[in-house]
Amino acid sequence: MKFGILVFPGSNCDDDMLYVLRDILNQQVTKIWHKDRDLQGCEVVVVPGGFSYGDYLRSGAIARFSPVMQAVVEHAQRGRYVWGICNGFQILTEAGLLDGALLKNNHQKYTCKNIYLQVGQTQSALTKQLDPKRPYRIPIAHGDGRFFASSDVLKRLEDNDQILFRYCDAQGLLTDESNPNGSTDHIAGICNKQGNIWGMMPHPERACDPLLGNTDGRFLFESLLHQL
Amino acid sequence: MTTEATALQLGLTAEEYQKIIELMGRVPNFTELSAFSVMWSEHCCYKNSIRWLKTLPKSSPKMLAEAGEENAGLVDIGGGLACAFKIESHNHPSAIEPYQGAATGVGGINRDIFTMGARPIAQMNTLRFGDIALPRNQHLIKGVVKGIGDYGNAFGVPTVGGEVFFDPCYNTNPLVNAFSAGIVATDKIASAIAYGEGNPVFIVGSATGKDGIHGAAFASKDISEDSIKDLPAVQVGDPFQEKLLLEATLEVIATGHIVGMQDMGAAGIICSTSEMSAKGQHGMDIDLDKVPLRQAQMQPFEILLSESQERMLVVVKKGFEAEVIRIYDKWDLHCVQIGEVKTHTHVRFFKAGELVADIPAQALVLGGDAPIYDRPYTEPPYFQQAQQFDIQQVKEPTQLADLQAIAKYLLAHPNIASKKWVYEQYDSMVGTANGSTNAPADAAVVLVKGSLFGKSNLTKSLVMSVDCNGRYVHANPEVGAMIAVCESARNVVCAGGEPVAITNNLNFGNPLNTEVYWQFVGTINGITQACIQLGTPVTGGNVSFYNQSASVGKAGGDVNNAVFPTPTIGMLGLMDDLTHQTTLDFKQSGDWVYLIGQSHNDIGCSEYVYSYCQVKLSPAPHFDLETEFQLQQIVKTLIRKGVLASAHDVSDGGLLVALAESMMPRGLGVDLQISLPQGVRADAFWFGESQSRVVVSVSPQQQAAFEAALQQAAFPFQRLGRVAGSAFQVNGETWFDCAEALTWYEQTLPSFLSA
């Protein structure tokens with residue numbers, strides 16, 4: 001199996017990810033229930049968006065204790081791919097698989113709209129085929145998306161080329177208005193030092209179906225598929 | 001033992017109390033009387049409206065469940081799938097506690113949909129608030145929007161459309177109407193029915209607490225200073241529970257082991273047990289000690305009436321309990337057998353082994369013995385006053401500066417300005433089915449993904465819109481209601497869809513006021529005429545009376561203390577060929593811009609005359625049902641022929657606003673050559689809201705085909721000019737620049753709400 005999508009109680013982007021991988025990109029994909037411990041040999045674990053456990057304590061804080069997460073940590077430690085999107089990114093930071101934290105948006109409101117992403121590095125499988133000069137139009141939808149990390153951690157992320165994406169404007173510029181949630185240094189997505197664990201707030205799976213009028217998200221999927 | 005005084009305290013009348021004694025054959029105890037008080041409230045049994053609701057057109061070949069038969073209407077959309085859709089109000093709780101009031105409104109309507117086995121795929125909402133400049137209203141707006149967002153976003157169903165309208169008549173009573181549409185395979189439909197002696201009855205989902213007791217009764221009286229004391233009548237929502245309930249419910253229905261199920265909204269356990277029993281001509285014995293409770297020492301009437309959210313009543317085929325319980329367990333949900341179906345046709349409730357209530361199910365429900373009232377109605381004096389209006393009372397603006405000032409005023413008016421501040425707080429894209437995200441249109445286009453429902457080759461979209469201009473309905477209920485139906489259909493048509501059926505949410509003042517009731521009767525007549533003409537039956541909906549501040553004096557208060565009569569229409573349309581999808585934005589310079597439809601010398605009820613000129617009473621805009629129908633047929637034909645580059649209906653703010661809205665998405669201007677039609681003043685031409693008009697753009701290659709089609713149909717149209725530059729230009733004069741208009745349009749709501 002190529003892709004496994006985790007399903008926590010409260011996940012709500014699992015079907016969207018399944019639809020893109022199976023129906024649009026013709027990939028082998030299965031859902032993995034949070035109470036399971038077997039990742040069914042999948043190469044890429046996707047931690048989808050949603051509100052796991054209602055996000056009542058803190059976004060992603062409870063999901064990391066789910067039985068499946070032990071298997072995900074082991075999978076990641078073996079250098080296999082893990083991709084967290086939105087709530088999935090929050091879960092990966094709560095689980096300690098990625099640095100930093102996602103705080104409440106600086107304007108205190110949930111926000112859903114198209115934004116643009118500037119590619120920060122092209123060493124990881126997810127970004128290898130992407131063009132650093134081209135802004136990618138991808139939707140966001142979150143209340144707690146403001147990336148925050150201490151200055152030491154930020155420096156490490158910079159030094160190790162771990163910043164995958166930054167919020168920018170349609171021309172690719174890092175203007176204040178283009179940062180939709182007040183993220184430090186416009187950070188929208190990062191990876192671990194080894195480059196096999198990725199977390200991002202924007203939803204590339206929402207920009208893959210030509211019927212929805214935006215297919216910029218497919219570039220990420222295609223970059224990843226190229227490496228598998 | 002109860003007395004007439006108890007009945008009056010519970011909101012029943014003396015006559016109703018006598019009728020209850022007759023039906024019971026004895027004096028009811030307090031628990032039983034409480035049950036009647038909520039079941040016989042307007043909210044549950046429509047006693048003041050059903051006589052008229054029954055006159056609405058309900059059938060069409062596409063209807064699988066007609067109004068009143070199930071929790072929501074059900075329309076066959078072909079390919080083995082059906083769409084369940086409905087709109088419902090949560091006005092009264094939102095006036096007191098906007099966040100929870102609105103959130104639980106979203107929860108309730110979605111439960112109605114998935115209880116039928118349908119997976120919700122799109123939500124909309126229509127909101128009415130008072131003057132946006134008042135701090136209390138800003139508090140309500142922020143609370144309602146956050147409540148809808150937090151619930152809908154976590155639940156994971158996109159909010160794809162809606163409307164927001166402000167008027168001082170909503171100062172005391174905001175309106176919060178939530179719409180949901182879901183898809184179900186026609187062989188997986190669940191019904192709200194109970195039958196089969198011995199079949200077990202389960203309560204599923206959240207535990208039962210003291211929240212929302214008498215909520216249905218609360219929604220059936222005027223809002224007053226004392227309403228804050230009703231705070232425990234407002235329920236508290238948990239979207240996470242609802243999401244689990246959705247997934248578990250659909251999984252359980254798929255097993256085929258379910259007899260029936262109903263969600264617990266208004267009036268909780270008493271409502272679901274009695275309605276399901278009455279429908280199946282059976283009864284139930286329920287042990288209240290088995291109901292999972294949130295707090296100790298709840299009285300039987302509290303358990304029966306609690307409106308705790310995210311609960312369902314499920315009747316399972318005997319012998320299959322274990323499999324059903326296993327599924328709810330998987331989703332960590334309570335699933336407890338609380339009783340069983342009986343043949344005796346009563347709902348009987350036991351506590352500590354004692355029978356605490358024993359009521360014939362039929363006695364409680366709509367369609368059974370619940371009262372039906374034929375209310376008197378009288379035409380209010382304001383109606384004739386409104387007809388007296390003459391356009392000559394308003395000085396015609398002819399100077400460029402005047403016209404510019406009005407254009408700016410209208411584009412920045414809260415009723416017309418961009419609602420981005422609101423809708424960006426809603427997840428509009430989850431489900432990856434919102435076809436309008438990158439294609440702005442008059443109606444929302446939502447893909448039906450066949451593979452989610454076991455029909456992988458299916459490609460079609462739902463096209464939907466919610467509309468109502470309460471100011472028009474106030475001015476003339478019959479015409480205003482026809483316009484509401486037709487505008488929602490026009491929006492669906494302009495987006496490329498075929499209107500199929502409507503759901504309606506009838507928001508009115510106190511029905512005991514004869515003038516309010518006149519508004520209600522006129523509205524029903526208007527909806528009926530329009531729906532018959534368009535072939536779009538009414539599949540159900542909701543009535544919300546008592547949207548009125550209390551006033552001393554005559555019974556039912558004063559019609560002038562009521563909200564505008566606001567019959568919100570939710571139109572469901574279908575698009576079988578996705579190439580018909582049509583957007584409202586101008587596409588490129590050089591395209592021709594046309595107005596389809598006739599201009600009239602009419603400013604009646606326009607935002608311009610009402611807000612800018614401050615003329616508060618004028619007749620509803622010019623409207624002719626036959627003409628409207630023709631217009632929609634023509635636009636449909638043009639879209640199917642592929643002639644149109646864009647289509648946008650002329651509504652609030654008139655032609656000027658329609659043109660500006662088509663300009664702004666791509667920053668494309670227009671160069672118009674206008675000579676005013678004979679007898680039509682400049683303000684009527686630009687800002688009048690006479691109906692049955694659509695602004696379209698047409699590429700030069702399609703121009704001949706376009707004009708030929710309209711000439712052949714002998715339908716009026718006017719060539720206005722071309723898409724050009726980035727400004728709004730008329731006869732060589734620049735009124736405003738696109739970027740400037742966008743600023744006016746987008747800054748209004750944040751300027752009030754982001755302080």
Side-chain angles (χ1 to χ4, degrees), chain A residues 7-20 22-24 31 33-36 48-57 59 62 86-87 105 107-115 137-143 180 202-217, chain B residues 119 121 142 145-146 148-159 238-244 246-248 329-333 420-440 445-447 449-452 456 459 461 578-579 581 583 750 753-754:
Chain A
V7 182
F8 298 97
S11 294
N12 64 28
C13 301
D14 45 337
D15 280 336
D16 300 350
M17 182 55 84
L18 186 83
Y19 187 78
V20 168
R22 184 191 63 196
D23 293 20
I24 296 183
K31 287 190 186 180
W33 186 238
H34 70 114
K35 290 176 188 171
D36 292 347
F51 289 74
S52 52
Y53 296 92
D55 279 349
Y56 288 135
L57 174 61
S59 295
I62 302 292
C86 200
N87 193 228
N105 295 346
H107 46 75
Q108 307 295 311
K109 293 194 297 288
Y110 183 97
T111 187
C112 172
K113 60 182 179 183
N114 281 320
I115 51 86
R137 186 164 64 131
I138 308 286
I140 55 165
H142 57 244
H203 287 273
E205 82 280 11
R206 296 186 179 188
C208 289
D209 188 342
L211 291 173
L212 304 184
N214 178 11
T215 52
D216 276 11
Chain B
R119 176 177 287 278
I121 65 165
K142 289 177 190 174
V145 171
K146 188 166 169 52
I148 291 172
D150 282 1
Y151 203 104
N153 298 344
F155 184 53
V157 175
T159 300
D238 179 352
F240 173 60
Q241 281 288 314
E242 177 110 334
K243 170 70 173 164
L244 303 185
L246 161 71
E247 299 301 337
D329 263 358
K330 171 187 160 191
W331 290 96
D332 300 322
L333 288 165
K420 192 187 260 191
W421 185 92
V422 174
Y423 67 72
E424 281 190 352
Q425 295 187 55
Y426 305 145
D427 191 341
S428 56
M429 307 188 210
V430 65
T432 56
N434 184 349
S436 302
T437 301
N438 303 299
V445 175
V446 181
L447 286 177
K449 292 176 175 174
S451 66
L452 271 184
S456 53
T459 50
S461 289
L578 300 187
T579 64
Q581 187 172 349
T583 49
L753 300 170
S754 287

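By convention in this document, chain letters (A, B, ...) are assigned in the order of the sequence lines, proteins followed by strands, and residues within each chain are numbered from 1.
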Lys35(A)/Asp332(B) salt bridge by N-O under 4.0 Å criterion: yes

Taking every non-hydrogen atom, the tightest pair across Asp16(A) and Gly431(B): OD2-N, 2.7 Å

Note: Arg206(A)-Asp427(B) ion pair, threshold 4.0 Å (strictly below): yes

Engaged part of Tyr56(A) at the chain B interface, taking heavy atoms whose separation is under 4.5 Å: side chain

Nearest heavy-atom neighbours spanning Ser754(B) and Lys109(A): OG-NZ, 4.1 Å

Reported NZ-to-CD distance for the pair Lys142(B) and Gln108(A), which is rounded to 0.5 angstrom: 12.0 Å

Gap separating the OG atom of Ser52(A) from the NZ atom of Lys243(B), nearest 0.5 angstrom: 12.0 Å

Region of Lys420(B) in contact with chain A, defined by heavy-atom distances below 4.5 Å: neither

Thr111(A) OG1 to Tyr423(B) OH distance, which is reported to the nearest 0.5 Å: 10.5 Å

Least distance between heavy atoms, Phe240(B) atom then Pro9(A) atom: CE1-O, 3.2 Å

Leading residue by heavy atom contact count with chain A [cutoff under 4.5 Å; candidates Gln241(B), Lys330(B), Glu242(B)]: Lys330(B)

Student check: side-chain heavy atoms of Asn153(B) and Phe51(A) closer than 4.5 Å: yes

Pairs of heavy atoms under 4.5 Å with chain B: top-ranked of Val20(A), Leu18(A), Leu211(A): Leu211(A)

Part of Asn114(A) within contact of chain B (heavy atom distance under 4.5 Å): both

Side chain, backbone, both or neither of Asp15(A) within contact of chain B (heavy atoms, under 4.5 Å): side chain

Contact summary for Met429(B) and Pro139(A), nearest pair of heavy atoms: SD-CB, 3.3 Å

Distance in Å, Thr215(A) OG1 paired with Asn438(B) CG, rounded so as to fall on 0.5 Å steps: 10.0 Å

Student check: side-chain heavy atoms of Asp209(A) and Leu447(B) closer than 4.5 Å: yes

Interface moiety of Asp238(B) toward chain A, non-hydrogen atoms closer than 4.5 Å: both

Shortest non-hydrogen contact between Ser451(B) and Tyr19(A), atoms and distance: OG-CE1, 3.6 Å

Region of Ala154(B) in contact with chain A, defined by heavy-atom distances below 4.5 Å: both

Nearest atoms (heavy-atom pairs only) where Ala433(B) meets Leu212(A): C-CD2, 3.9 Å

Selection from Leu244(B), Leu452(B), Val430(B) maximising heavy-atom pairs under 4.5 Å formed with chain A: Val430(B)

Residue selection (most heavy-atom pairs with chain A, distance under 4.5 Å) from Thr432(B), Thr437(B), Val445(B): Thr432(B)

Row check, Tyr110(A) ring normal vs Lys146(B) NZ/CZ: under 6.0 Å, within 45°: no

